[in-house]
Amino acid sequence: MSEFPIGVFDSGVGGLSVLNALREELPHERFVYFADTGHAPYGERGDAYVAERSRAVALYLLDRHRIKALVVACNTATAAAIHELRADHPALPLVGVEPALKPAVATSRTGRIAVIATRVTLESRKFEALHASLAAQADFRIVPCDGLAGAIERSDHREIAALSQRYLNAAGTFGSAPGQIDTLVLGCTHYPFIATELRRHAGDVVRFIDTGAPVAQQTRRLLSQAGQLAETGGGAVVLVCSAAPDALDAAAARWLTRPADRVTTAIASTATIA
Ligand code: DGL
């Protein structure tokens, strides 16, 4: 089974940031990346909708691509559906992502931390429990960023700039002095791609925390435990999406650290996924 691919999915192009980290950590693995672009963004939809999409995408990846493991490269889908996915596929190595609050607490000196993510993620029970477990250790400024992932999907630079400014202003004052926010948690996998824009508002001293590398390390651990780690081979990558592939194609050309082997759309090939 070690030669089968790892499935990776997100509502759209954001999970490419996690795919970059996975390819770095696991150079011999094959990956099938599914962008649910026909239904993106997930972040302002209801939980039930996101859970239903996540389950359909997981089934598609298992049936059509025979994946040996699944990485949910989306904080929103993890918050809404990771429990269902684990229940549906108890034997499948499964890795989700969540806003990295714990590493932020460990790194912050001022004890003031901003967390930006989608509304579905931040209003989920999973996030509330995580926040409650750490609330005594830091002052978290939690800001739902409606529209930001969508603007990144569309590469709408003007909107990205306006929303970044609005949401970081809402978080408070950034800097390293007492009382200032010195750590910014990127709680959506789309946001690492706009780090330069975010830094224009947060400044140079603020530490940005995303989850690509730890997710990749956890994937390696699970595959190794299951005896399914690929140790030879070139690590081909196929990108699949549920709408016309142009946006994914353009995002991959811009953001993947190494090119993918193929970009394709699943619309015509399966009724359940479109
Ligand atoms: N990239 C996603 C996340 O990490 C979701 C963005 C969206 O679809 O709203 O939450």
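Each ligand, and each atom within it, is numbered from 1 in the order the structure gives.
For Arg220, the side chain to side chain donor-acceptor pair (under 3.5 Å) partners two or more places apart in sequence, or in a different chain, are Glu25. Remark: Thr118 pairs with Thr76, Thr121 by the side chain to side chain donor-acceptor pair (under 3.5 Å) rule, at least two apart or across chains.
Residue contacts with ligand 1, taken as heavy atom pairs separated by less than 4.0 Å, involve Asn75 via backbone and side-chain atoms alike. Residue contacts with ligand 1, taken as heavy atom pairs separated by less than 4.0 Å, involve Ala149 solely via side-chain atoms from C-beta onward.
Within the 4.0 Å heavy-atom cutoff, Ala40 does not count among the residues contacting ligand 1. Gly14 does not count as a contact of ligand 1, since none of its heavy atoms falls under 4.0 Å from the ligand.
Taking the six-membered ring for Trp and the full ring otherwise, the centers of Tyr60 and Phe34 sit less than 6.0 Å from each other.
Protein heavy atom nearest atom 9 (O) of ligand 1, with residue, atom name and distance: Gly43 N, 2.7 Å. Atom 10 (O) of ligand 1 has as its closest protein heavy atom Thr76 OG1, 2.6 Å. Given atom 1 (N) of ligand 1, the protein heavy atom at minimum distance is His190 ND1, 2.7 Å.
Defined by atom type and a distance below 3.5 Å, a donor-acceptor pair is present between the side-chain atoms of Arg207 and Thr107. Under the 3.5 Å distance criterion, with hydrogens and angles disregarded, no donor-acceptor pair is assigned to the side chains of Asp146 and Tyr167. Side-chain contact of Ser176 with Asp182: a donor-acceptor pair under 3.5 Å is absent, judged by distance alone.
Every atom of ligand 1 with a heavy atom of Tyr42 under 4.0 Å away is listed here by number and element: 7 (C), 8 (O), 9 (O).
Between Ser11 and ligand 1, at least one N/O pair is under 3.5 Å apart.
Salt bridge Arg200/Glu197: present, at least one basic N to carboxylate O contact under 4.0 Å.
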